[in-house]
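To start, the structure itself, in structure tokens.
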Protein chains: 2
Amino acid sequence: MANYSEAPSSETRDAIIAYFVNAAQAFGIPKSIGEIYGLFFATDAPLALDDVIEQLQISKGSASQGIRFLRSINALNPTYIPGDRRDHFKAETSLRRIADGLIKERIKPQLASGAEQLKAIQNQTRKTELGEYQDQLATIRTWSKKADLVLPFVSKFLGDKSKPTVI
Amino acid sequence: MANYSEAPSSETRDAIIAYFVNAAQAFGIPKSIGEIYGLFFATDAPLALDDVIEQLQISKGSASQGIRFLRSINALNPTYIPGDRRDHFKAETSLRRIADGLIKERIKPQLASGAEQLKAIQNQTRKTELGEYQDQLATIRTWSKKADLVLPFVSKFLGDKSKPTVI
DNA sequence: CAGGGAGTTCAAGAAAAAATGAACACGGCC
DNA sequence: GGCCGTGTTCATTTTTTCTTGAACTCCCTG
């Protein structure tokens, strides 16, 4: 286990950080970002860039980019601290809000680019290989639609209010 | 666009392959695996290892491992060809079956390892920092449960039979 | 408006992941 | 048994991705 020097270190805190490092990597998200979120998650008080650098012993660049990313998916919320010029944040703990952020910032754009790519193929293909790949293209279209439809559903499912769910 | 030499190459076919390369990378799956699935998907006839190597111009090792992976998630189905000793496959085109394969082979194990890690933290923590991180641990437990619950719904949602869905 | 704290950027180096290909099974078939 | 076709393994190389840190931009403050 990493030995994050300085500051209120603890076995449990570091284990929580390790937990998020794993989770992040399962999502294809860099280790450093998992560490950063884990640190915020494990810490009650709002933290600033400096705290992250100090407690995780990572570079300013990594910390800055990591915080930016986490903010972009709403995994960190700005917290104003009077008399301190630095930006402070606290971890967002609503799974749904984070999932929504991820969906909006990463998954949706990916789906959109896929859809574009598909449209380009279709335009290009109609002119040349008529009928040749129609089945395959139809299958992909079906998939795209389903992917689009499932997202709001996942979001709702992860929502805080546990409502009865019927499919 | 790659110029996959040999065999029935075509603009559209290669565009479909490119589509799957992108999709794969969005999932953190290696490019070569996206290519392989794309090739199978775009090809009606069953293909064997050799065909993959020849048409995609990739190494035997990559092709072998890629096919193994795709089989493990049920993205390729074995197809028997009389009089040919080589193993042939066709692409699975049911999104649900592939998703189920991915869930069972990759996501579930990941969740399980997370759950183990969490349990270890809890055991370790009870003895030492009583109450210190109880809120955080409770939050993680909630998340884990939701993640477990959402998977079967996603699977059902991607199912072929379009049934009315109510949340 | 000079100085300095806070945060960003990005080229270069370090680390991790994927691809390669040669060596190694395994199993028919002659 | 020896050979050949098929597929797997895994150490090495290549490619990609992540991290670092120094230079830079913005503002705020005196």
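Lettering follows sequence order; numbering is per chain, from 1.
When the nucleotides C:dG7, C:dC10, D:dT8 are ranked by their closest atom to the side chain of A:Gln65, C:dC10 comes out on top. For A:Ile58, counting side-chain heavy atoms from C-beta on, the closest listed nucleotide (D:dT8, C:dA18, D:dT20) is D:dT20.
Nearest-nucleotide mapping onto DNA chain D: of B:Ile67 and A:Gly28, the residue sitting toward the 5' end is B:Ile67. Each of A:Lys31 and A:Ser64 has a nearest nucleotide on DNA chain C; the 5'-most of these lies closest to A:Ser64. Each of A:Gln25 and B:Gly61 was assigned the nucleotide of DNA chain C with the nearest heavy atom; the assignment lying further toward the 5' end belongs to A:Gln25.
Phosphate contact (OP1/OP2 of D:dC18, side-chain N/O of A:Ser32, threshold under 4.0 Å): absent. Contact annotation: B:Ser59 does not reach the phosphate of C:dA19 (side-chain N/O to OP1 or OP2, under 4.0 Å).
Between the two ends of the helix from C:dC1-D:dG30 to C:dC30-D:dG1, each summarised by a five-pair axis, the helix axis turns through 0° (rounded to 10 degrees).
Judged purely by distance below 3.5 Å, without hydrogens or angles, the side chains of B:Thr125 and A:Thr12 pair a donor atom with an acceptor atom.
Sorted by residue number, the members of residues 73-91 of chain A with any non-hydrogen atom under 4.0 Å from DNA chain C read A:Arg85, A:Arg86, A:Asp87.
Note that CG of B:Asn22 and CD1 of B:Ile17 are 12.5 Å apart. Values are rounded to the nearest 0.5 Å. Rounding to the nearest 0.5 Å gives a distance of 11.5 Å between OG of B:Ser155 and NZ of B:Lys104. A:Asn77 contributes atom CG, which lies 14.5 Å from atom NE2 of A:His88 (distance to the nearest 0.5 angstrom).
A straight line from CZ of B:Arg68 to C1' of C:dA18 spans 15 Å, rounded to a whole angstrom. At whole-Å resolution of the value, CZ in A:Arg71 and P in C:dA6 are 16 Å apart. A straight line from CG of A:Leu47 to C1' of C:dA6 spans 16 Å, rounded to a whole angstrom. For the pair B:Ile29 CD1 and C:dA19 C1', the computed distance is 17 Å after rounding to whole Å. Atom CD1 of A:Ile33 and atom P of D:dT17 are 14 Å apart (whole Å). At whole-Å resolution of the value, NZ in B:Lys60 and P in D:dC10 are 16 Å apart. Look at CG on A:Asp51: it is 14 Å from C1' on C:dG7, rounded to the nearest Å. Remark: P of D:dT8 and CG of B:Asp50 are 12 Å apart, rounded to the nearest angstrom.
Ring to ring, A:Phe41 and B:Trp143 are close: their centroids are under 6.0 angstrom apart.
Side-chain N or O atoms of B:Lys146 include one that pairs as donor or acceptor with a backbone N or O of A:Gly159 at under 3.5 Å.
B:Asp44 is not listed as a side-chain neighbour of A:Asp135, based on a closest heavy-atom distance of 4.5 Å or more. Residues B:Leu137 and B:Leu118 have side chains in contact (heavy-atom distance under 4.5 Å, counting atoms from C-beta outward). Considering only heavy atoms from C-beta on, B:Glu92 stays 4.5 Å or farther from B:Leu70 through its side chain.
Put simply, B:Ile81 and B:Leu76 are part of two different groups of oily side chains (I, L, V, M, F, W, Y) that touch within less than 4.5 Å, one to the next.
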